[in-house]
Amino acid sequence: MKWVIDTDPGIDDAAAIIAAINLKIMDVVGITTVHGNVGLEHTTRNALKLVELLDSDVPVYRGASAPLLKAPENASQFHGEDGFGNTFLPEPKRNVEKTHAVDFLIQAAHRWDGDLSLLTLGPLTNVALAMAEDRSVQHKIRQIVMMGGTSKARGNTTPLAEFNIYADPEAAAIVFSSGVPIVMVPWETCLDAMLGPDVVAKVRESTSKAGVAFSKAMDLVVSRLHKVLGVEGLLLCDLVAACVAMEPSVVKEKVAARVVVETGGRYSKGLTVVDERMLDGVSPNTTVCLSCDKDRVGEMFLDALGVNHVNWRCSK
Ligand code: BDR
Ligand code: CA
């Protein structure tokens with residue numbers, strides 16, 4: 001199975017990309033970038049910096065710079081002005097591909113018809129545009145593993161909405177109604193899978209290029225979390241989704257549901273409406289992951305950074 005990672009790096013996107021590339025479980029054929037945590041120029045540059053850091057030849061395609069209808073959001077308070085914890089890694093030597101991300105997604109869907117999966121870690125603008133431009137795309141994509149939405153309507157951007165969905169609700173509505181099977185890793189599940197101080201300490205032990213760079217970048221997340229939630233930990237939502245994509249048994253509890261996205265609503269724009277009962281006879285379009293094995297997520301990330309964690313679980 002081939003994978004495209006659609007992303008807005010982003011510190012947790014970086015963790016997901018490091019794991020996806022270094023663990024070599026996924027056959028990643030491209031990274032497509034989108035507006036989101038920071039502007040498109042930053043997210044694209046960060047994706048290039050990351051593949052270079054990882055000595056990977058996965059091509060990077062630049063995508064949409066703005067949502068379909070609303071103004072762009074920004075989460076630089078969590079990800080830094082550069083989207084990578086204000087570490088301003090060296091400028092990448094590699095160039096972005098000439099093909100637009102949306103065209104690449106369409107080409108990839110045709111080329112690997114039925115064998116292409118998407119790991120989406122940002123607003124869904126690129127994916128929705130590909131589906132709108134070529135209606136056959138939705139029949140060709142095998143599945144989408146998505147970090148996004150909420151399972152219990154506890155948002156992180158508005159009281160009800162999660163960032164990736166709120167940042168482009170119309171795009172998310174198109175994707176959820178496309179018929180492509182979706183595995184959704186919602187905000188609440190990621191919050192429960194927050195990595196503890198033991199993992200933070202282990203990440204700091206890393207001597208690999210990626211580990212050293214990530215250690216610097218994560219300081220911002222660690223200090224923000226300490227300030228906002230009063231806990232010492234690492235909240236890496238996109239990494240959780242990447243681990244679900246790589247190792248589905250990471251999911252401990254899940255439910256099949258019909259999920260639709262609220263695009264209007266004075267208070268509810270961007271809400272993922274999760275209907276588990278489907279009383280009106282609709283069929284499920286989404287597997288909602290309700291809990292994940294956070295120790296396994298921590299282990300996979302430490303593996304990706306080349307940190308030895310033998311005996312780590314039993315010594316906790
Ligand atoms: C999601 O929003 C972004 O800030 C993160 O990168 C993650 O994809 C969490 O709501
Ligand atoms: Ca992201």
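First listed ligand is number 1; within each ligand, the first listed atom is number 1. We number each residue from 1, following the sequence as shown. The structure displayed is predicted, hence computed values, not measured ones.
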Heavy-atom closest contact (Asn37 atom, Gly10 atom, distance):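 Nearest pair, atom of Asn37 first, then Gly10: ND2-CA, 3.4 Å.
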
Over all atoms of both residues, closest heavy-atom pair of Glu97 and Pro59: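 That closest heavy-atom pairing would be OE2-CB, 3.5 Å.
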
Structural part of Asn156 in contact with ligand 1, heavy atom criterion under 4.0 angstrom: side chain

Side-chain (Ser223) to main-chain (Leu220) donor-acceptor, under 3.5 angstrom: yes

Geometric N/O contact Leu121 with ligand 1, under 3.5 angstrom: yes

Contact check: Asp8 vs ligand 1, nitrogen or oxygen atoms, below 3.5 angstrom: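 By distance alone, the answer is no.
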
Minimum-distance protein heavy atom relative to [atom]:
| atom | value |
| --- | --- |
| atom 3 (C) of ligand 1 | Asn37 OD1, 3.0 Å |
| atom 6 (O) of ligand 1 | Asp12 OD1, 2.6 Å |
| atom 8 (O) of ligand 1 | Asp238 OD1, 2.6 Å |
| atom 10 (O) of ligand 1 | Glu162 OE2, 2.5 Å |

Contacts under 3.5 angstrom, residues 120-134 side chains, donor-acceptor by atom type, not counting sequence neighbours:
residue: Thr125; atom: OG1; partner: His35; partner atom: NE2; Å: 2.8
residue: Thr125; atom: OG1; partner: Asp168; partner atom: OD2; Å: 2.7
residue: Asn126; atom: OD1; partner: Ala64; partner atom: N; Å: 2.8
residue: Asn126; atom: ND2; partner: Asp6; partner atom: OD1; Å: 2.9
residue: Asn126; atom: ND2; partner: Thr33; partner atom: O; Å: 2.9
residue: Asp134; atom: OD1; partner: Ser136; partner atom: N; Å: 2.9
residue: Asp134; atom: OD1; partner: Ser136; partner atom: OG; Å: 2.7
residue: Asp134; atom: OD2; partner: His110; partner atom: NE2; Å: 2.7

Name every donor-acceptor pair, under 3.5 Å, that has one atom in a side chain of residues 279-290 and the other anywhere in the protein, sequence neighbours excluded.
residue: Asn285; atom: OD1; partner: Val259; partner atom: N; Å: 2.8
residue: Asn285; atom: ND2; partner: Phe176; partner atom: O; Å: 2.8
residue: Asn285; atom: ND2; partner: Val259; partner atom: O; Å: 2.9

Ring centers of Phe301, Phe214 separated by less than 6.0 Å: yes

Glu52 and Lys49 ion-paired at < 4.0 Å: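 Salt bridge: no.
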
Salt bridge flag under 4.0 Å for residues Lys70 and Glu170: no

Heteroatom count (protein N, O or S) under 3.0 Å of the Ca ion (ligand 2): 5

Neighbour count >12 (heavy atoms, 6.0 Å) for atom CZ, Arg94: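 Yes, the 6.0 Å shell around CZ holds more than 12 heavy atoms from other groups.
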
Proximal ligand 1 atoms for Met147, defined as those under 4.0 Å from one of its heavy atoms: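 Here the atoms of ligand 1 in question are 1 (C), 7 (C), 8 (O), 9 (C).
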
Partner residues of Arg204 under the salt bridge (charged side-chain N to carboxylate O under 4.0 Å, His left out) criterion, sequence neighbours left out: Asp219

